[in-house]
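Each remark here refers to the structure printed beneath this line.
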Amino acid sequence: MASFLGHSAALIAALAVLPQLVGEFWAYTLALYFLYAIASLGIGLCWGQAGFLPLGQAMFFGLAAYLSGLSLIHFKDSWLLLLLLPGAALAPGLLAYGIGLLVFRGRTLSGPFFAMITLALTLLAFQIANSWNDVTGGFNGLKNIPGLPGLSDFTDLYYISAVALAVCLLGIAWLRRAPAGVVWRAVAQNEQRVRFCGFALQNVKAAVFGLSGVLAGIGGALYAPQQNLVTPQLCGFLLSADLVIWAAVGGRATLYGPVVGAVLIGILTADLRDEISYWEVILAAIFIIVVLYFRQGLMGFVEPRFERLWRRRTERTLDSPARPEASGDTGLADAGFALDDVRVRMGSVNILEGLDLEIDRPGIYCLIGPNGAGKTSCFNAMTGELPVRSGHIRIFGRARTGTAADLLSRIGVGRKFQAPSLFPDLTVAENFNIGLWGGRARLRDLVRMGSHGWSSAILREAQSRFPFLAEEDRRAGDLSHGQRQILELVMVLIAEPRLLLLDEPSAGLSQAETQEVIEAIRWVGGRLNACTVIVEHDMTFVRELADRIFVLHQGRLLASGTVAEIQADERVRAVYVGASA
């Protein structure tokens, strides 16, 4: 906290003395670009943190400017301004959040499609502002907008913009360091794992987009009284493109990058546009070079080193709230699942052909079968990764009808994938935190620094079994393949699921590491009284762990039984030609 306050004091002091150094005219010019910088901060949140690019930020800036301008024109002497001006700033955020919920509901609309949708919306906003003469003033816009009551000279306008920028910067600095910021960066790296950790992905991304809309709204609401004019260009694509360029050149993933880009590039553009005929072409070339070769931007080389000087490390000392222990009831309502005549088809290929499979009590079970037998597809059908053509799936006694992965996680289903699925650019500790927060953290927990200290008995036991997991500041992407396998396994285990789906947890592990994983699965399965289902090719692994084995072949259940029964089954021997089962 002390470092955060010191950082805040330094920022406020710098903004306070700046007018004395640059003079009144430049103070006024800086005030304008401070407002653009606030809107550009929203680009940094969406693109630089959560990994999706909005191309319509100007729509929210322009909407707030029009709402603010209309409020000042019609209620300039009324106390209602105390409500209308903040409302003008917040309304774009609510609109952005609503758009986000609609767009992010479909997974395919999270990448380029989202950018195209926001681009189309800003083009629509420009057309509405340009043609709705009775409200927006049409092409000429709103003129002679009164200033904020009690403010007159340029210095006053500067300080209003500077205070707004400082508040936004400090708020974002807090959120970036809080659990919310970790979740945003996790979304940018691996959306699938975020969902399987229990986070409603559409809500997380919509919240980030909504916050970016609030930032644009703050800038737009102050723009109208500062410039005394609002035109349709504020809603248009050109300003949206400028905001994206400023964020990219300054450093979209850094805190100060969007501000530096907006102020530096913005002022250079204002000065050089008329003197250099092809300035826009030069600016476009700079943007392309930065995006292709210098993705960190200008501040990407400076800010990370600066942040390390004042970043406070939080110790992991608090126990996270744990899921209730399994009751021990052997009924399907408490543990297990059932697949009844499940069929899955992708194109012309039948993947599951009437699969019937039921596990109705806690224990450790293994799915085996040759490649293409449908083992992983069985997991995918259960967790909604593959559409089920026909048949029924029940989990904990309830029908699964398109249930999202985050909801399954929250009711107690955990899944590990074939290839390690984690967050490579986050630290080991941050990967664990995502697993601990998912399905447990409330909104207030995601903005509290103390939530970084969550831990669990399972995590501490895992760290004693695998010492490298205690290296919490180590980047997850720097771990070996075997270590990443173990890290993902522990991320799943610390959520304390009742149904645990493990897809080849020993793949790529040494013999010693495999034995450690066997012991860890056996220990956790017993401690949680969980139903653990493992897809595995290592028959030594299977023999040591499995209470019962299920053999799949060509999308159907071929055989089930104990290890000895499966070894003696002639049908299984026929499938595994020359192999030991």
Side-chain angles (χ1 to χ4, degrees), residues 31 34-46 49-50 54 56-76 78-104 118 121-122 124-125 128-129 135-136 142 145-149 151 160-176 178 180-181 184 202-227 230 234-235 239-240 243 258-259 443-444 446-447:
F34 283 174
L35 300 182
Y36 289 145
I38 294 172
S40 191
L41 285 171
I43 300 288
L45 281 184
C46 295
Q49 296 295 301
Q57 191 76 339
M59 173 178 65
F60 305 115
F61 189 93
L63 172 61
Y66 273 109
L67 292 175
S68 176
L70 290 168
S71 299
L72 288 165
I73 289 172
H74 296 290
F75 302 96
K76 63 180 180 178
S78 172
W79 62 268
L80 287 175
L81 280 180
L82 296 174
L83 300 176
L84 293 175
L85 292 182
L90 294 176
L94 294 175
L95 176 62
Y97 181 71
I99 292 172
L101 287 179
L102 290 174
V103 173
F104 294 129
T118 56
L121 289 174
T122 199
L124 175 63
I128 292 174
V135 176
T136 65
L142 300 178
I145 298 173
L148 294 174
L151 302 180
I160 290 294
S161 297
V163 167
L165 177 61
V167 169
C168 292
L169 274 171
L170 295 176
I172 293 172
W174 181 275
L175 290 174
R176 282 166 54 102
W184 296 342
Q202 69 273 18
N203 292 340
V204 173
K205 297 176 78 170
V208 178
F209 191 44
L211 182 55
S212 75
V214 171
L215 292 169
I218 293 171
L222 293 175
Y223 178 95
Q226 187 199 64
Q227 296 296 306
V230 177
L234 286 181
C235 299
L239 179 56
S240 287
L243 293 172
V259 177
L443 180 60
R444 65 173 179 269
L446 295 178
V447 297

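Values below: every heavy atom of this structure, side chains too, minus hydrogens, waters and symmetry copies.
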Distance-only, no hydrogens or angles: does the S212 side chain make a donor-acceptor pair with backbone N or O of F209 under 3.5 Å? yes
What are the two closest non-hydrogen atoms of G219 and I38, and how far apart are they? N-CG2, 4.2 Å
Would you name the heavy atoms of Q57 and G42 that are closest together and state the gap between them? NE2-CA, 3.6 Å
Taking side chain to side chain donor-acceptor pair (under 3.5 Å) as the test, write out the residues that go with Q202, two or more places apart. none
Partner residues of Y223 under the ring-ring contact (aromatic ring centres under 6.0 Å, His included) criterion, sequence neighbours left out: F61
With a 4.5 Å cut-off on side-chain heavy atoms, are V204 and F104 touching? no
I'd like to check I128 versus Y66 (side-chain heavy atoms, cut-off strictly below 4.5 Å). Are they in contact? no
Quick check: closest heavy atoms across I43 and P54, and the distance to 0.1 Å? CD1-O, 3.7 Å
Looking only at heavy atoms, which two atoms of L85 and S71 are closest? And how far apart? CD2-CB, 4.4 Å
Closest heavy-atom pair and its distance - A88, A64: O-CB, 3.3 Å
Kindly indicate whether the side chain of N203, heavy atoms from C-beta on, has any atom under 4.5 Å from the side chain of L101. yes
Got L148 and L222 here, is their nearest side-chain heavy-atom distance under 4.5 Å? yes
Any I99 side-chain heavy atom under 4.5 Å of T118 side chain: no
Begin from the C-alpha positions of L175 and Q49 and carry the test side-chain contact (heavy atoms from CB on, under 4.5 Å) through to its verdict. CA-CA 11 Å; L175 290 174; Q49 296 295 301; over 6 Å; no
Restricting to side chain to side chain contact (heavy atoms under 4.5 Å, CB included), what partner residues turn up for V214, sequence neighbours left out? L90, I218
For F75 and L84 the tightest heavy-atom approach is CD1-CD1, 3.5 Å
